[in-house]
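For reference, the structure is listed below as structure tokens.
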Amino acid sequence: MTTRPPSSPDSGAGERLAIAPAPGEQPQAATSAGAAGKSKRAIAGRPQASGSLWWLSLLSVTGFLLFWYAIVRFEIISQALLASPEQVLTTFISKLTSRAPDGATLGANFITSLKLCLTGYISAVCVGVPLGLIMGWFRKVDEIVKPLFEMIRPIPPIAWIPLAILWLGIGLPAKAYIIWLSAFVPSVINSYAGIKLTEPVLISVSRTFGATNWETFLKVGVPSALPMVFTGLRLSLSSAWMTLVAAELLAGSEGLGYMIQMGRTLARPDVIIVGMLTIGCTGAAMGYLLEKLERKLAPWRRS
Amino acid sequence: MEARDIDVTNPNTRNSGACRGPQPKIAAQNVCKSFAGIGGAVTEVLRDINLAVVENEFLVILGPGQCGKTTFLNIVCGLDQPDSGSVYLDGEEVVGPDPKRGMVFQRMALFPWSTVMENVAMGPKLRGIGRKEREEKAAHFIELVGLAGFEKSYPHQLSGGMKQRVGIARAYCNDPEVLLMDEPFGHLDAQTRYQMEDEVLRIWGQAKRTVIFVTNNIEEAVYLGNRIVLLGRCPASVKAEYAIDLPWPRRYTDPKFLALRKEIADNSDLAL
Amino acid sequence: MAELTSRFRPKAHVLPIASLFLMVALWQLVVGTGNFGKALPSPMAVARQFWLMLFEPIGRTSLYGHIWASLVRVLSAFVVAIITGIPLGLLMGWNKKFEAMVKPIFEMFRPIPPIAWIPLAILWFGIDETPKIFICFIGAFVPVVMNAYTGIRFTEPMLLDAARMLGGNRRQLFTEVAIPSAMGAIFAGLQNGLSLSWMCVLAAEMVGAQEGIGYLILLGMDMSNPAMIITGMLLIGAIGAAIAVLLRYAEKRICPWKREISM
């Protein structure tokens, strides 16, 4: 595996490693710690602080919503294809309690999807992170496991769906397996890279204190790898969430992915959009929570 | 040399922006600057800086670390604005950056995606000068700083000293009237630093410009400058000025050198 | 011990290759015992299937036809994403007013996974090439924009100072400093976008297509032919890796100043 020295602005090795062809991740914005703190002045050449531009944002969003409303209201796009904002809102509210038209309330779908995603995700990172760390530290393990891993890695999780269905049938086990796999790969890769980037001088320091290899691994390697481990956790989470939606869409009978697929079958764009927005918000919220967790557990950031 | 006219016996000499003799090349009058820090606390960095630089002299600004030397140089260059007071070049007030004031940065600030030649020729390029002409010009300065043969190298392939030579060549290539050097050798190892001190004197000798050189290293200051302006700790103001009469090449072990060094050291806020 | 030495050690390559062979041999053995029935094909069966697929048409077209179909969808979407996404991201990162106007709208769409767009896309465009390319476009668009945006935003202030000192105006700072400085991030965005796009084409093909590699593995599932599925999967992995390598090569040519550390 090749990596880059982590350097702003492209947020370093994390993204590059979780790529080709990685399970889809939302690219994380580069950490703000380093570059932004360098200069007290605003970036030379750029106009001053943007706190004063919030009105422009508000205007823009309002304009967008109005435009959206208008093109549906005035039948520029037919109502069969696009639902206007208030229709989406009404459907959202009604779906909170009603099972129509796909068979379950929004809340039920949401919980089903979330449960499945989190079980797959948590079990995958519980295996993947230690594996990546150990592979990155102990050469023998690396040499044995790596070839198998490198064979699995380029295959996108979605490509596993047909095989999983053939082996495990349409249903929970197949979906769980695919979600597990999609979260597994990025967490291994990023933990591996994180611990490989342990600065040799820190290892030497530990040796001078008489620590064994295992102790050095635990006390120096692992903490030093934490920022990248967290990058991997974030990528794994967004990957798991994405794969879950795909699995439910293609071969599901419940959950948010199934709901939006049903929305299409029944030509209900409002249901589809409600589902899409729920999916988006949940993904964003989970990412945000993870970021808060990271700030607590690993407040030092490699910038 | 006009530098002798400056009264050095009085450690509190303030030139008030005018020295005896012809109009100074650069004059700073009552320059003040503060920064807003974390939590709203305001740090006063520069207080009433007054100094004058004569044409073609090598002025060294010496002061302890974090005392605003870089801030002051940025203000002279035009990259930053003073809160009050002004800086004048040939009588005209400085309001923004200008090719007349070239700067060599502490951290080199070379464009990593450009070769040495492209870096050095960047100034003329930004001013719209044609390719052939600017490359000829750049080649001249690359040779002047001793990097002939490295035109096609990238910054990451160069050592620290070489990178700084590129920085100097790049500043020179833009036809500046004044060269501002912000602790250019601060990040080099001692050996390279001694080498570069000699190099900068050689280059300055061959291509005379007005130079303002900032450093926190007292030996470097005495080694290089016609005149040393001593800045105090934060909030910084001019503590004293010294004219250095020794001929070049100077020697670190020369008794006169050491006497001057002691005099300046005793008067300064530098931890020695 | 995380060793970072770079001596060439031929012996170091023996163990992984041997391990790989061992794994394949084990696979063959396990299947040979017959415990897995038809579910797990042996390596030989996969190889045989692959050989077959090379010469016989599957469905409407040959294997190459399917590969080509998928590639065309991805690449056309990718090109559109680059043309629209990079300028958008660059402008967003450079101009605060533009950022204030455009970013909130972008942030509304960004968390929605491209695959979640499939039902809407099919509703709008039916089941033919357009929805597939649309999904791939969305997949590539988001990372391309975001990376260009962060790339510009984190331009080193000192480099901008140096250019101002040399006499550059605002436009020149943008073209001569900010954009080259962001190239690394831009290429990272391209890599992410391409691999995401590749994933999306599979999903889109699995929903409704008559050709393409996604269609192939779905066909394998319908025909209960795991050897076909596995061949398809390996192909997907190989092609995805190949285009990533090509992109990396392109980057090396366009940005010769970047260094990489191989581990």
Side-chain angles (χ1 to χ4, degrees), chain A residues 1-5 8-10 15-16 19-22 24 27 29-30 35 38-39 43-45 47 50 53 56-57 60-61 64 81 136-137 143-144 146-148 154-156 158-159 162-163 165-167 196 198 200 213 242 245-246 249-250 260-261 263-264 269 272 276 279-280 283-284, chain C residues 1-4 15-16 19-20 23 39 96-97 100-101 104-105 111-113 115-116 118-120 122-124 143 146-147 150-151 154 156-157 160-161 164 170 173 184-185 188-189 191-192 195-196 198-199 202-203 206 217-218 220-221 224 226 229 233 236-237 240-241 244 260-263:
Chain A
M1 310 179 195
T2 56
T3 183
R4 286 264 161 91
S8 70
D10 56 341
E15 246 128 58
R16 292 309 301 262
I19 50 150
K38 274 195 190 131
S39 172
I43 294 184
S50 65
L53 289 175
L56 200 54
S57 302
S60 176
V61 173
F64 174 75
L81 292 182
W137 190 264
E143 284 173 2
I144 295 178
K146 198 152 173 223
L148 181 62
I155 301 174
I158 290 190
L163 198 62
I165 294 182
L166 196 67
W167 285 350
K196 276 276 188 188
T198 309
N213 196 15
M242 240 194 83
V245 171
L249 214 132
L250 297 171
I260 58 179
Q261 183 69 311
R264 186 201 46 103
I272 302 181
M276 282 168 70
I279 292 172
Chain C
M1 177 72 132
E3 285 172 1
L4 299 171
L15 196 56
S19 157
L20 201 59
M23 226 148 257
K96 284 266 182 201
K97 287 218 175 86
M101 282 198 299
I105 301 180
I112 302 175
I115 295 195
I118 290 184
L120 207 60
I122 296 184
L123 192 70
W124 289 349
M146 284 310 296
N147 276 269
T150 24
F154 287 104
E156 273 210 49
L160 291 170
D161 278 348
R164 281 169 72 211
R170 266 213 92 202
L173 288 183
Q191 286 278 16
N192 286 351
S195 74
L196 196 48
W198 185 238
M199 267 191 67
L202 297 178
M206 283 199 243
I217 55 181
L218 210 61
M221 179 183 89
S224 284
I229 303 183
M233 285 166 64
I236 291 172
E260 282 212 36
I261 299 176
S262 224
M263 284 182 178

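By the 4.5 Å heavy-atom criterion applied to side chains, C:M206 and A:P162 are counted as neighbours. With contacts defined as side-chain heavy-atom distances shorter than 4.5 Å, the pair A:R264/C:L120 does not qualify.
Both the backbone and the side chain of A:L56 come within contact range of chain C, each with at least one heavy atom under 4.5 Å from a heavy atom of that chain. Looking at A:I272, only its side chain comes within 4.5 Å of chain C, counting heavy atoms on both sides.
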Exercise. Let me see the working for A:L81 and C:L123 under side-chain contact (heavy atoms from CB on, under 4.5 Å), right down to the final yes or no.
Key: CA-CA 7 Å; A:L81 292 182; C:L123 192 70; 4.2 Å; yes

Practice problem: Take C:L196 and A:M242 through the side-chain contact (heavy atoms from CB on, under 4.5 Å) test and state the conclusion after the steps. | Solution: CA-CA 11 Å; C:L196 196 48; A:M242 240 194 83; 4.1 Å; yes

Exercise. Give the C-alpha distance, both sets of side-chain angles, the deciding distance and a yes or no for side-chain contact (heavy atoms from CB on, under 4.5 Å) between C:I115 and A:I158.
Key: CA-CA 11 Å; C:I115 295 195; A:I158 290 190; 3.1 Å; yes

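Rounding to the nearest 0.5 Å places CG of C:L218 at 8.0 Å from CD1 of A:I165.
Distance alone, capped at 3.5 Å, is enough to place a donor-acceptor pair between the A:S57 side chain and the C:A100 backbone.
In terms of heavy atoms, A:I279 sits closest to C:A116 at CD1-CB, 4.2 Å. In terms of heavy-atom proximity, C:P111 sits nearest to A:G280 at CB-O, 3.3 Å.
Of the listed residues (A:I260, A:V61, A:V245), the one with the most heavy-atom contacts under 4.5 Å to chain C is A:I260.
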